**Q** 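Right, I'll just put the structure down here and ask away after.
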There are 2 protein chains.
Amino acid sequence: MRSKNEPGGQKRSFIERARRAQIIDAAVRTIAEVGYPNASLARIARTAQVSKGVISYHFDGKDELMDQVVISVYTQIGEEVAPRVLAEQNMERALRTHVRGVAEYALAHRERMTALSQIFRHFRDAQGAPRFDGSQPEAIYQPMEELYRAGQRSGEFRDFDVRVMAVSQQATIDAMFEYWRTHPDHDLLAHADELGELLVRAIRAP
Amino acid sequence: MRSKNEPGGQKRSFIERARRAQIIDAAVRTIAEVGYPNASLARIARTAQVSKGVISYHFDGKDELMDQVVISVYTQIGEEVAPRVLAEQNMERALRTHVRGVAEYALAHRERMTALSQIFRHFRDAQGAPRFDGSQPEAIYQPMEELYRAGQRSGEFRDFDVRVMAVSQQATIDAMFEYWRTHPDHDLLAHADELGELLVRAIRAP
DNA sequence: TAGGATTCTGGCCATGCGGTCAAAAAACGA
DNA sequence: TCGTTTTTTGACCGCATGGCCAGAATCCTA
């Protein structure tokens with residue numbers, strides 16, 4: 001049982017890394033299919049075609065598995081979208097590209113985005129505080145706030161409260177995916193472009 | 001056991017209406033305190049200082065209880081906020097007043113707003129579809145879309161997609177309360193005013 | 001190939017859930 | 001007052017959950 005994520009990180013065996021990846025993938029597909037509240041360990045294990053104990057063996061518990069799912073998907077989104085955002089010449093285009101980029105990612109990896117969205121919405125600690133939402137504000141809002149501030153410095157954006165804007169933007173993007181999930185025929189890219197327009201107008205100078 | 005909400009609505013006895021109100025209130029307080037996922041019938045019953053069977057006796061089940069909580073809070077919000085919104089002379093002010101109004105309601109009835117917000121976020125049917133979110137779009141988005149269209153007709157608002165805007169506005173308001181719930185020292189009214197500014201700028205002409 | 005380390009299985013545990021029920025209690029009406 | 005109806009209780013049901021573990025299977029290396 002080497003799966004403790006302790007600082008003294010032992011390297012994982014090949015088979016262990018493969019199993020973890022397989023289980024994470026099964027978790028993604030299960031959550032996307034039946035929703036977070038119905039995605040029990042037993043159901044995830046069945047999707048992965050392994051015994052339930054395997055999950056407990058490779059992960060510290062359901063919480064760590066969910067953490068890994070989020071990290072996995074979030075990292076992939078960052079790798080696909082961040083370069084495009086950074087390549088833009090001005091902050092307004094960067095903002096639009098960000099929204100457009102995550103929507104395109106969602107179209108290409110529907111299950112992964114659905115799972116991420118579900119975990120964000122439902123995964124709470126025992127006290128009911130969200131595990132990934134605003135509770136560690138820095139982690140999730142800081143990149144966006146950096147972008148806003150850059151735009152404010154350059155004069156492209158007016159002087160607005162970056163925290164309120166970051167919370168709002170995150171919420172509108174989440175809502176876009178939730179709406180898309182419950183209305184699969186909804187035109188996601190059109191929604192994304194329209195949302196980009198809304199967001200830009202909300203904050204651009206003057 | 002007269003609590004069936006059948007069309008042939010028998011009138012409820014005084015004591016039954018009182019008990020239902022008491023239980024709804026206990027549900028509100030329990031959800032606000034421990035979050036929707038931890039608000040079991042047993043816990044709500046303990047809060048109400050009645051036996052668990054009483055809830056089953058007066059309500060068809062947990063779902064009906066949640067429905068009643070939503071109806072109760074939602075109705076009250078409507079009564080307090082709608083008149084103020086309708087009294088405004090133009091659509092831009094109406095929009096700001098709406099956001100400001102619900103924030104003021106939340107400050108005055110923190111537990112009720114928290115409970116409503118929690119139910120919106122977590123209450124799903126067995127298929128994972130939200131019970132109050134966008135699934136019955138008309139119910140929740142239509143009033144807002146009406147307001148948008150009125151503003152578009154009057155020329156105050158530009159030509160934007162009212163559905164995208166309605167989904168986004170609802171999401172930003174929910175996020176405001178969720179952020180406030182996890183950051184109790186957050187200045188809710190300032191957030192509301194700032195959000196009003198964002199929303200107005202997003203859609204006003206040209 | 002032998003033997004230790006790693007991985008997997010399948011059943012088991014305690015817990016909590018929503019819901020039900022017979023019987024007790026309370027309220028009501030004649 | 002007494003019989004009926006309404007309401008409440010507390011135990012109980014079946015089920016699902018996350019987690020645990022002894023033993024079996026497999027893998028790896030000496």
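All values derive from a computational prediction rather than experimental measurement. Protein chains get the first letters and strands the later ones, always in sequence-line order, with residue 1 at the start of each.
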**Q** Is there a donor in the side chain of A/R112 and an acceptor in the side chain of A/S72, or the other way round, less than 3.5 Å apart?
**A** yes
**Q** Between residues 34-49 of chain A and DNA chain D, which residues have a heavy-atom gap below 4.0 Å?
**A** A/S40, A/L41
**Q** For B/E80, what residues pass the side-chain contact (heavy atoms from CB on, under 4.5 Å) criterion, not counting sequence neighbours?
**A** B/Q76, B/Y105, B/H109
**Q** Taking the cut-offs as 6.0 angstrom to the six-membered ring centre and 45 degrees off its axis, would you call B/R121 and B/Y36 a cation-pi pair?
**A**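 Pair B/R121/B/Y36 does not count as cation-pi.
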**Q** Counting heavy atoms from C-beta on, name the nucleotide in C/dT9, D/dT7, C/dT7 closest to the side chain of B/H58.
**A** D/dT7
**Q** Identify whether the distance between the nearest side-chain nitrogen and carboxylate oxygen of A/E88 and A/R84 falls below 4.0 Å.
**A** no
**Q** Without decimals, in angstroms, what is the distance between A/D60 CG and D/dC20 C1'?
**A**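 Rounded to whole Å, this separation is 14 Å.
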**Q** Quick check on D/dT7: is either OP1 or OP2 less than 4.0 Å from any side-chain nitrogen or oxygen of B/Y57?
**A**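 Yes.
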**Q** Counting only N and O atoms by type, is there a donor-acceptor contact under 3.5 Å from the side chain of B/R158 to the main-chain atoms of B/A202?
**A**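 Pair found, side chain donor or acceptor close to backbone of B/A202.
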**Q** With a cut-off of 6.0 Å (strictly less than), are more than 12 heavy atoms of other residues, nucleotides or ligands near CZ of A/R204?
**A** yes
**Q** Under 3.5 Å, is there a donor on one side chain and an acceptor on the other for B/Q22 and B/R19?
**A**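 Present: a donor and an acceptor within the cut-off.
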**Q** Can you tell me if B/R19 touches the phosphate of D/dT8, counting only side-chain N or O atoms and a distance under 4.0 Å to OP1 or OP2?
**A** yes
**Q** Give a yes or no on whether a donor-acceptor pair under 3.5 Å exists between the nucleobase atoms of C/dG19, that is its base, and the side chain of B/K62.
**A**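 Looking at the base of C/dG19, it does not pair with any donor or acceptor on the side chain of B/K62 (distance under 3.5 Å).
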**Q** Answer with yes or no whether B/S51 presents, from its side chain, a donor or acceptor under 3.5 Å of a partner atom in the base of D/dG10.
**A** yes
**Q** Once you round it to whole Å, what is the distance between C1' of C/dT7 and CZ of A/R20?
**A**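 So the two atoms are 15 Å apart, to the nearest Å.
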**Q** Taking the nucleotide of DNA chain D with the nearest heavy atom to each, does A/G61 or B/V50 sit closer to the 5' end?
**A** B/V50
**Q** Could you state the atom-to-atom distance from CZ of B/F59 to P of C/dT20 in whole Å?
**A**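 Computing the B/F59:CZ to C/dT20:P distance gives 15 Å.
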**Q** Can you find a donor-acceptor pair, distance only, under 3.5 Å between A/K52 side chain and C/dG10 base?
**A** no
**Q** Just the rounded figure in Å: distance from C1' of D/dC20 to CD1 of A/I55.
**A** 14 Å
